[in-house]
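Notes for the one structure printed next.
Each ligand, and each atom within it, is numbered from 1 in the order the structure gives.
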Amino acid sequence: MDSELDQLDALLALLTQAVRTIKSAYQEAKERIPDLDDPSIQARTPRPNGEEVQQARKIVRGASAQLLAVVEEPEETLIQMANSAFETAALRVAAGACVADHLLDRPEGVHISELSAKCGIAGDKLARILRLLSCKHVFRELQPGVFANTRLSARLSKQHAIWDFVGHMTDEAFRSSAYLFDALTTKPSKTPFAHAYEFDGGYWEYISTVDKAMGERFGRAMMGVGMSEVGPFLSNFPWDTLPEGTTICDVGGGIGTISMALAARFPQLRFVLQEMPGTLEQARRVWGEKAPEAVSGGRVEFRALDFLKEGPKEGCGLYYLKHIIHDWPDEEAVRILKNVRSSMRPKARLLLHEFVMQPLVPSAAEGPDTSNGAHSAQTLTDRAPLPLLSNYGAGGLRGHYADMAMLCMLGSQERTLPEFCALAGRAGLELRRVWRLGGEQRLLEFGLGEGGKEI
Ligand SMILES: C[S@@+](CC[C@H](N)C(=O)[O-])C[C@H]1O[C@@H](n2cnc3c(N)ncnc32)[C@H](O)[C@@H]1O
């Protein structure tokens, strides 16, 4: 860029183009552009969410943030960032007190005195919290002291699975993050979570022994996120070509949201859900409610597993690990991969579903991005147009947020493709193919390395 003026123009041009793309996707789908003040949650699917639209949304996010960073005084930008913790705290109050539920079906709004009584929180304080959120369109103040739901706040209702994710992030993850600096500078062998909760074990131990309600919420949180991201997962991998009776082993599958979505769409597939006993119990309950025919038809088997100690069920066609490897430091990650490999027959495939970290600075060695159905590591990169940062900057934050959650909660990390390949290589697995999913997530397909020999 020759000057900041050029940068502004280039950012504006990106924004204009991206917004046009989004508008025409809505027009083509014969959908209205969302009204921020409209809390009605349409059951409509699919909303425009194709790859092009997702890309355009990333550009809008990245370009808006970059535009602000250019036009604002640096102090202002930093003040805004430093204060954003209060948004998290306010979200925690709104979600924890179920404010959105008390506003459901009340388009005329509810007076703060009524909300205060229902939430058990002093009205003057609650109103200030809701005003902060209303500045970001989460709730709306219709007249002084009268609040209503919006497009965003309506999703904060307990009825929606994302409610649990917001609870998880704004409670234990947020609390742990407050200890990040202390943990790094005083006792780095302990995670910020361990500092915050004064607990010597890990998060998984904590939620399965000390606070099981937190564990149940974590399971539902993963379900909420999983459901919101399932579209590209179902459409971008050729599930329909898997032969009749193929068994998918969902290793550390949580409640098994993804398997449940696959079971509903692809009747030829069978599933083995493998988890720690407590989560498996929760999974059984949820499948019984949401997918009773898969359970009664014997298409899903629930099996306890400690993947650090043993391999999953042998002889499945496909082993699927969603957000498992990112939970563990390298040594444990390799142990898990080796355990899975020990159960794989020569033609079995392993799918790692993970955020794949993108470089902020493009490397000269990267080839062009020929995207969908990428065969090789070279074609993985999704490089943003200039003047955005190579990873879209604020448009590519989800992977970095997840990386911070790993650092704070588990002492683990998100990884780049070469890092995944190095871990898998140590476990005797070879990368076969990279499948694009929404955002920064990918399906990394591995097969047995060294000609499928035992290692
Ligand atoms: C980040 S969650 C992912 C859950 C699920 N795959 C998903 O994406 O919704 C990680 C899962 O690993 C499970 N887990 C942790 N330690 C485990 C172990 N040693 N053996 C088996 N599962 C374990 C947890 O119970 C949790 O459900």
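The immediate protein surroundings of ligand 1, defined as residues with any heavy atom under 4.0 Å of it, consist of Trp204, Phe218, Met222, Gly252, Gly253, Gly254, Glu275, Met276, Thr279, Leu305, Asp306, Phe307, Lys322, His323, Ile324, Asp327, Trp328.
Across all their heavy atoms, Leu273 and Ala283 have their closest contact at CD2-CB, 3.5 Å.
A cation-pi arrangement, defined by a distance under 6.0 Å to the six-membered ring centre and an angle within 45 degrees of its axis, is absent between Arg442 and Phe355.
No option in Phe218, Phe174, Trp163 other than Phe218 meets the ring pair (Phe, Tyr, Trp, His ring centres under 6.0 Å) test with His168.
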Enumerate donor-acceptor pairs with a distance under 3.5 Å from any side-chain N or O in residues 248-262 to protein atoms, sequence neighbours excluded.
{"from": "Asp250", "atom 1": "OD2", "to": "Ser259", "atom 2": "OG", "distance (Å)": "2.7"}

Q.
Please determine whether side chain to side chain contact (heavy atoms under 4.5 Å, CB included) holds for the pair Lys23 and Ile33, giving the CA-CA distance in whole Å, both sets of side-chain angles, and the decisive distance to 0.1 Å.
A. CA-CA 7 Å; Lys23 264 178 83 176; Ile33 297 283; 3.8 Å; yes
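By the 30° and 60° cut-offs, the orientation of the rings of Phe266 relative to Trp239 is tilted.
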